[in-house]
Amino acid sequence: MLKTIIVPSLAALALAGCGGGGEGNMTPVQAEPLNATDMDNAADQTNYSAAVLAQTDAQRNATFIRALQDAPLPCDHVDSSTRIADQDGVPTWRVTCKGGTNYMIGIPKNGVAKILSRTDR
């Protein structure tokens with residue numbers, strides 16, 4: 001059986017693990033509050049495909065484990081991810097979890113992960 005799952009929370013995950021420092025590195029900034037339209041426009045301008053492509057292997061695997069857990073699909077640890085041919089123009093990876101379970105995860109520009117799993121293997 002082939003199972004497709006769409007994970008809407010990847011938008012926040014795509015940039016997870018991209019850095020960050022302790023409180024000593026923080027600089028206070030005065031910012032105007034964003035309204036809903038401003039937030040939608042900011043989200044529309046973010047290319048999550050590019051963000052995931054720019055991640056290191058470790059960061060990308062962390063993004064994929066979060067997407068799988070949010071799905072929720074069984075995966076305790078992502079052992080590896082290998083870029084494969086794009087699917088309908090969407091960057092796609094073969095993700096192997098601890099124990100050998102494989103998934104295909106596509107990350108379109110909008111950040112909504114598309115996950116294919118084979119439950120018969």
Side-chain angles (χ1 to χ4, degrees):
M1 172 192 289
L2 193 58
K3 186 175 183 182
T4 303
I5 298 174
I6 298 175
V7 182
S9 63
L10 189 65
L13 299 176
L15 299 176
C18 286
E23 290 183 37
N25 296 334
M26 296 176 62
T27 304
V29 176
Q30 183 70 26
E32 294 292 321
L34 293 175
N35 60 38
T37 302
D38 291 337
M39 290 175 20
D40 287 342
N41 290 340
D44 290 343
Q45 294 173 8
T46 302
N47 181 342
Y48 293 101
S49 291
V52 173
L53 285 165
Q55 289 179 328
T56 66
D57 288 343
Q59 291 168 333
R60 191 175 307 111
N61 290 346
T63 296
F64 292 149
I65 188 72
R66 289 286 311 270
L68 290 165
Q69 290 174 345
D70 285 351
L73 290 168
C75 185
D76 293 329
H77 174 70
V78 172
D79 285 339
S80 66
S81 57
T82 305
R83 178 86 188 272
I84 60 174
D86 290 0
Q87 304 295 311
D88 299 321
V90 174
T92 304
W93 288 263
R94 178 180 296 109
V95 176
T96 303
C97 294
K98 180 179 177 183
T101 305
N102 290 301
Y103 299 95
M104 282 181 23
I105 301 180
I107 309 294
K109 288 181 180 182
N110 68 3
V112 178
K114 296 180 181 182
I115 302 172
L116 293 173
S117 67
R118 295 212 51 146
T119 58
D120 60 344
R121 293 188 188 184

Minimum heavy-atom distance [X]-[Y], with the two atoms named:
X      : Y      : value
Ala67  : Ile115 : O-CD1, 3.9 Å
Asn47  : Lys109 : OD1-CG, 3.4 Å
Thr92  : Gly106 : OG1-CA, 3.9 Å
Cys75  : Ile65  : O-CD1, 3.1 Å
Ile107 : Trp93  : CG1-CZ3, 3.8 Å
Pro74  : Tyr103 : O-OH, 2.8 Å

Contacts of Ser49 meeting side chain to side chain donor-acceptor pair (under 3.5 Å) (sequence neighbours excluded), chain-then-number -> none
Would you check if Thr63 and Gln55 make a side-chain contact, meaning some heavy-atom pair closer than 4.5 Å?
yes
Could you measure the distance from the CG atom of Asp76 to the CG atom of Leu68? Nearest 0.5 Å is fine.
11.0 Å
Could you tabulate the donor-acceptor pairs under 3.5 Å formed by side-chain atoms of residues 78-91, not counting sequence neighbours?
| from | atom 1 | to | atom 2 | distance (Å) |
| --- | --- | --- | --- | --- |
| Ser81 | OG | Asn61 | OD1 | 2.6 |
| Arg83 | NH2 | Asp86 | OD1 | 2.7 |
| Gln87 | NE2 | Ala85 | O | 3.0 |

For the pair Gln59 (side chain) and Thr56 (backbone), establish whether a donor and an acceptor sit closer than 3.5 Å, ignoring hydrogens and angles.
yes
